[in-house]
Amino acid sequence: MRIPVVLMLLACCWCTFAFADGKDDCWHMFQSGNKELWRFRPQEASVRYYKALDMATALNNDRLTGLALFGIGQAIWYEGRFSQAVDTLHLSLRYLRRSRSKEDIGSALRILSNVYDDQGDYENAFIAVSEALEIYSNRQNDHNAALSLVQVGSLYKSMGDYETAREYYRKAEALDLWVGEYPYRELNHRLGELSALEGNSAQARYYYSKALTGNPNSKVVRMRLGDLLLHEKKYDSAYLYYDSLHREGLSPMDANTLTGCALGLARVYLHRGAYDSAVYMAQEALAFSSSRGARHSKRDAYAVLAEVYEAWNNAPLALLYLRKYTAIKDSVLTESLKRQLFAFRQGLEADRLKAERNRLVAGVLVLFALGILAFVIVSLRHKNEKLRLKQRASELEMRALRAQMNPHFIFNCLSSINHFVLSNETDKASEYLTRFARLIRMVLLNAGKSTITLEEELEMLRLYLNMEQLRFKEAFDYFILFDEGIQSSMIQVPSFILQPFCENAIWHGLLHQERKGQLTLHFSSNKEQLICSIRDNGIGRRKAAEMKATFIEKGASLGNRLSAERLALFNEDSSGTSFVMEDIFNEKGEVAGTQVILTISLKHATDESGNYR
């Protein structure tokens with residue numbers, strides 16, 4: 001009886017070792033395929049990947065099966081068969097997700113995003129790379145993390161958001177990238193491409209030179225240098241780049257380079273007047289684009305053909321290709337809008353605030369929502385009442401002003417906080433958020449009051465002005481001055497009466513000039529009135545009226561009008577003398593700013609018993 005037991009144990013050990021050997025053989029075959037792919041030999045790589053797939057299937061190993069399919073998908077992509085590559089990579093991800101290997105899943109998602117990018121399907125490219133970026137979010141020195149950040153930046157660049165693209169490139173640049181390796185070269189290639197689009201040729205050349213480090217014969221970078229020369233109208237020099245690359249591009253994996261060079265050569269021939277050659281090269285680019293499903297390249301080929309036939313005086317064909325260009329451009333623009341919305345949503349989620357700040361923002365928003373709800377309830381009750389006193393009407397105007405002001409002000413504040421976080425300016429984000437929370441708290445505390453003390457009003461105003469200074473990087477200074485004898489804690493004023501006028505001065509006057517702005521509030525009084533002068537050294541009313549008003553500026557103007565009406569009700573003034581706006585002139589008779597003079601009835605603050613403080 002002991003002999004069979006021993007034989008069974010030996011058989012189990014043999015199966016274990018055989019299984020381990022099978023896994024090792026499959027892994028070595030997969031790595032052999034990778035080496036062929038790194039040598040830009042996709043067909044040879046495919047042979048090894050398929051052998052690895054057979055081994056992995058026999059072993060019933062999900063991870064190895066997924067990796068083999070991942071390699072096959074990359075090889076297919078290198079051969080320019082985008083749709084088949086997408087399907088294969090999705091199949092690979094099914095197996096990799098079963099194995100729960102996050103590293104492998106992230107790599108497959110990043111490559112999938114690249115394939116979608118080549119197809120012009122930016123929305124799916126965003127979905128794939130965002131998931132990859134979440135996997136790599138805590139890996140500071142991982143090359144896949146850097147390449148994922150570069151890919152996100154490239155997608156933002158494709159939809160025209162250059163500022164956000166550069167922010168993601170900077171995040172990738174902050175990682176520990178080795179000079180000359182692929183992530184380093186890819187980052188600098190994309191930075192050069194972005195600089196060229198922004199019109200900075202010198203900076204583009206600088207980045208392209210860095211991108212050539214470690215791979216001086218890079219075809220895509222040499223093609224970008226040709227594009228740069230073409231943009232600078234150095235046609236002969238551009239031709240040398242395009243022609244040499246076009247002659248070298250023989251393998252299917254050179255399809256992207258061949259398409260770009262063919263379009264470049266077509267434009268050079270168009271400039272030279274060689275229309276037949278220009279048509280030939282544009283048609284070649286169109287054939288490459290159509291076979292690969294690359295709609296953005298197809299769109300560019302149609303545009304070049306329309307230009308060539310127009311210059312050749314062939315109106316029918318020029319019109320034909322112009323219509324084709326317009327049709328595909330319109331479809332791309334429609335998807336571009338979807339991509340922008342998606343990118344905005346992803347951008348908000350990419351660099352979220354820390355947990356404590358999230359809770360604080362959520363708390364502020366809840367308080368704000370409760371305040372709005374209370375406002376709606378009170379407003380509905382007021383609408384059903386017929387007889388109200390003027391003081392009650394003044395309170396209603398005050399609440400209407402808050403409803404008009406707060407939505408865009410809250411949105412701007414949260415957008416500024418998000419921008420500081422995305423830019424890694426955490427100190428500024430924290431400082432801005434603290435001031436924002438204090439301001440919202442004060443507004444909500446004073447929501448039920450028709451009047452507050454001048455001291456409380458100025459405390460809220462200072463918070464608002466400090467936030468605007470931080471937001472616009474100290475673009476202006478402000479000063480609050482008092483004549484002797486004015487005690488701000490003893491004077492009652494309508495709640496939040498000064499902020500709309502200051503906002504109007506900042507947005508209409510101070511932000512539209514190159515010099516540093518200056519805003520001055522001066523308080524004086526006589527026996528019956530408090531006089532507030534709000535002066536700015538901005539562009540003046542006439543220039544401000546000529547400039548196209550933004551949404552925020554319209555809100556500020558409406559705030560001024562409502563504030564003027566509330567002030568008239570507070571003063572019991574029907575003559576309109578409570579509010580005066582006028583231009584300020586310098587010694588040469590030139591407009592040097594704007595002054596608003598507010599006349600407020602002098603009413604002293606009282607305590608809860610009605611006694612003067």
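Small disclaimer: the values here were computed from a predicted structure and weren't measured. Residues: numbered from 1 along the sequence shown.
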Just verifying a value: how many Å separate [X] [atom1] and [Y] [atom2], rounded to the nearest 0.5 Å?
X	Y	atom1	atom2	result
L228	H231	CG	NE2	7.5 Å
R441	L463	CZ	CG	11.5 Å
S524	I597	OG	CD1	9.0 Å
E425	Y432	CD	OH	12.5 Å
H512	I506	NE2	CD1	11.5 Å
L519	L465	CG	CG	6.0 Å

(message) Taking atom CZ as the centre, does R542 end up with more than 12 heavy-atom neighbours from other residues, nucleotides or ligands that are less than 6.0 angstrom away?
(response) no
(message) Within the supplied structure, the quantity of interest is the number of heavy atoms (other residues, nucleotides, ligands) at a distance under 6.0 Å from E528 CD; does it exceed 12?
(response)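 Result for CD/E528: open.
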Are any of the side-chain heavy atoms of [X] and [Y] separated by less than 4.5 Å?
X	Y	answer
Y169	S154	yes
D117	Q151	yes
V152	L149	no
E459	M442	yes
F501	M581	no
Q518	T520	yes
N466	L470	no
N537	Q513	yes

For [Y], does its backbone N or O pair with a side-chain atom of [X] as donor and acceptor, under 3.5 Å?
X	Y	answer
S148	N144	yes
E457	I497	yes
E131	A128	no

(request) Kindly write out the residues that satisfy salt bridge (Lys or Arg N to Asp or Glu O under 4.0 Å) with E193, not counting sequence neighbours, or none if the list is empty. (result)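 Checked E193 against salt bridge (Lys or Arg N to Asp or Glu O under 4.0 Å); matches are K157, R190, R224.
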(message) Under the rule for salt bridge (Lys or Arg N to Asp or Glu O under 4.0 Å), what residues qualify as partners of K516, not counting sequence neighbours?
(response)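 Here the qualifying residues are D477.
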Locate the shortest heavy-atom distance separating [X] from [Y]; write the atom from each residue and the value.
X	Y	value
A146	L177	CB-CD2, 3.5 Å
L521	L461	CD2-CD2, 3.5 Å
V129	S113	CB-OG, 3.4 Å
A211	N188	N-CB, 3.8 Å
G153	A165	O-CB, 3.2 Å
V421	A429	CG2-CB, 3.8 Å

(message) Any carboxylate oxygen within less than 4.0 angstrom of a Lys/Arg side-chain nitrogen, looking at R166 and E198?
(response) yes
(request) Inspect the contact between E468 and R471 and indicate whether a charged nitrogen and a carboxylate oxygen are less than 4.0 angstrom apart. (result) yes
(request) Apply side-chain hydrogen bond (donor to acceptor under 3.5 Å, both in side chains) to Q595 and S533, showing your working. (result) CA-CA 7 Å; Q595 176 175 250; S533 168; 3.0 Å; yes
Cut-off 3.5 Å, side chains only: do [X] and [Y] have a donor facing an acceptor?
X	Y	result
D300	Y325	no
N571	S601	yes
H508	D536	no
E455	S489	no

(request) Applying side chain to side chain contact (heavy atoms under 4.5 Å, CB included), run through L567 and T599 and close with a yes or a no. (result) CA-CA 8 Å; L567 187 58; T599 303; over 6 Å; no
(message) For Y156 and Y162, I'd like to know if the aromatic rings sit close, meaning centre-to-centre distance below 6.0 Å.
(response) no
(request) Given side chain to side chain contact (heavy atoms under 4.5 Å, CB included), test I491 with I486 step by step and report yes or no. (result) CA-CA 8 Å; I491 300 174; I486 295 180; 3.9 Å; yes
(message) Would E232 and S201 count as a side-chain hydrogen bond (donor to acceptor under 3.5 Å, both in side chains) here? Give the steps.
(response) CA-CA 9 Å; E232 295 172 343; S201 299; 3.1 Å; yes
(request) For side-chain hydrogen bond (donor to acceptor under 3.5 Å, both in side chains), just list the numbers for D161 and T164, CA-CA rounded to whole Å, side-chain angles, deciding distance to a tenth of an Å, and then say yes or no. (result) CA-CA 6 Å; D161 189 349; T164 306; 2.8 Å; yes
(message) Assess the residue pair E582 and T594 against the criterion (side chain to side chain contact (heavy atoms under 4.5 Å, CB included)); give the C-alpha distance rounded to whole Å, side-chain angles, the decisive distance to 0.1 Å, and a yes or no.
(response) CA-CA 6 Å; E582 58 189 15; T594 306; over 6 Å; no
(request) Could you go through the side chain to side chain contact (heavy atoms under 4.5 Å, CB included) check for Y168 and V150 one step at a time? (result) CA-CA 7 Å; Y168 276 98; V150 171; over 6 Å; no
(message) Using 30° and 60° as the class boundaries, would you call the ring planes of F482 and F523 parallel, tilted or perpendicular?
(response) parallel
